[in-house]
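To start, the structure itself, in structure tokens.
Here, residue 1 is the first one in the sequence, and each next residue gets the next number. Model, not experiment: these values are computed from the prediction.
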Amino acid sequence: MKKYIAVLILSVAVVSCKTKAVAVQNNTSPIVAPKEDKKVIEKHYDNKLDFSTLYIKASAKYVDEKQSQNVTAEIRIEKDKQILISVRFLGITMAKALITPDAVSYYEKINSTYYEGDFTSLSKWLGTDLDYSKVQNLLIGEAFDDLRKGKYTQTIVENLFRLDEEKDANLKKTFFLDGEKYLIQKEEISQPSENRTLQIAYSDSKTFDQGILPTSIEINAVQPKGKTSINLNYNNISFNEQLSFPYSVPSGYKKMTIK
């Protein structure tokens, strides 16, 4: 369960007017074959979601080499400030995670343990550099990294723009964007020498008044200790509600150290 919550943190933060999000249309247009485009990155950020808060109810399936489990997840985001993820099984809260730009905190019920710290040790444990923006980007379908800060080689693969980062041969990052709306379809981060790979795929994007949001996310992680996958499906979405972010570690839980 501890690894499950950590990977979900990868997946897996107020205005007075409570407005439910209504999908304007599904992203079901025909596939557009892209041509070389020097403004791919700029056009990707034209799709930026405009919201103050986002509330999501999701179903999640977790699979590793030892177990498979279906749970529900409640995700609350106050943009650029905080994310609260609650994981439930049969209606019982099994774990909670509170993520801010400065700290990561979570607890899980099965072993009665909790973690409090920053992103440094969590990044080392998962084998990829993490910060608040990357977690938020993962959940809303923006590129994991800020593409505007890197240099990329552009090719076209299977009717998608493929961007390969040129920075570091030991850490490979690849991003795939569609040729119509320039949305992220898939991204891969790998450290071949350490047998670590993180792949995130998005589908079932829907258009709301606030912008476009993928409603299905598939996360696959390969580490020396084995493979892990999480499928997230967003079942209920609302924007710009006044949200609370209740989080406290139950009494008697033991603090854990990630190594």
Check the surroundings of atom NZ in Lys57: do more than 12 heavy atoms from other residues, nucleotides or ligands lie under 6.0 Å from it? no
Could you check whether Phe175 and Phe161 have their ring centres less than 6.0 Å apart? no
Give, for atom CG of Asn231 and atom CD1 of Ile217, the distance between the pair rounded to the nearest 0.5 Å. 10.0 Å
Does the structure place the NZ or CZ of Lys96 under 6.0 Å from the centre of the six-membered ring of Tyr247, at an angle of no more than 45° from the ring's axis? no
Do NZ/NE/NH1/NH2 and the carboxylate oxygens of Arg162 and Asp164 come within less than 4.0 Å? yes
Might you point out which heavy atoms bring Leu198 and Ala221 nearest each other, and give the distance in Å? CD1-CB, 4.2 Å
Out of Gln154, Lys173, Lys151, His44, which one pairs with Leu163 under the side-chain contact (heavy atoms from CB on, under 4.5 Å) rule? Gln154
Could you tell me whether Arg148 and Asp146 have a side-chain N and a carboxylate O separated by less than 4.0 Å? yes
Pair Tyr114 and Tyr253, ring centroids less than 6.0 Å apart: no
For Glu142 against Tyr202, the heavy-atom pair lying closest together: O-OH, 4.2 Å
Do Leu49 and Tyr132 sit in one hydrophobic cluster, given that two such residues count as connected whenever their side-chain heavy atoms are within less than 4.5 Å of each other, even indirectly? yes
How about Thr197 and Glu188: does a side-chain donor come under 3.5 Å of a side-chain acceptor? no
Which atom of Ser52 lies closest to which atom of Asn240, heavy atoms considered: N-OD1, 2.8 Å
Any donor-acceptor pair under 3.5 Å from Asn233 side chain to Ser216 backbone: no
Closest non-hydrogen atoms of Ile140 and Pro214, given as atom of the first, atom of the second and distance, are O-CD, 3.5 Å
How long is the gap from NZ on Lys61 to OG on Ser229, to the nearest 0.5 Å? 8.0 Å
With rounding to the nearest 0.5 Å, note down the distance linking NZ in Lys186 to CG in Leu177. 12.0 Å
Would the distance check show the side chain of Gln136 and the main-chain N or O of Asp80 forming a donor-acceptor pair, the cut-off being under 3.5 Å? yes
For Asp50 and Lys79, work out which heavy atoms get closest and say how close. CA-NZ, 4.5 Å
Hydrophobic clusters here meaning ILVMFWY residues chained together by side-chain heavy-atom distances under 4.5 Å, can you tell me if Phe119 and Met256 are in one? yes
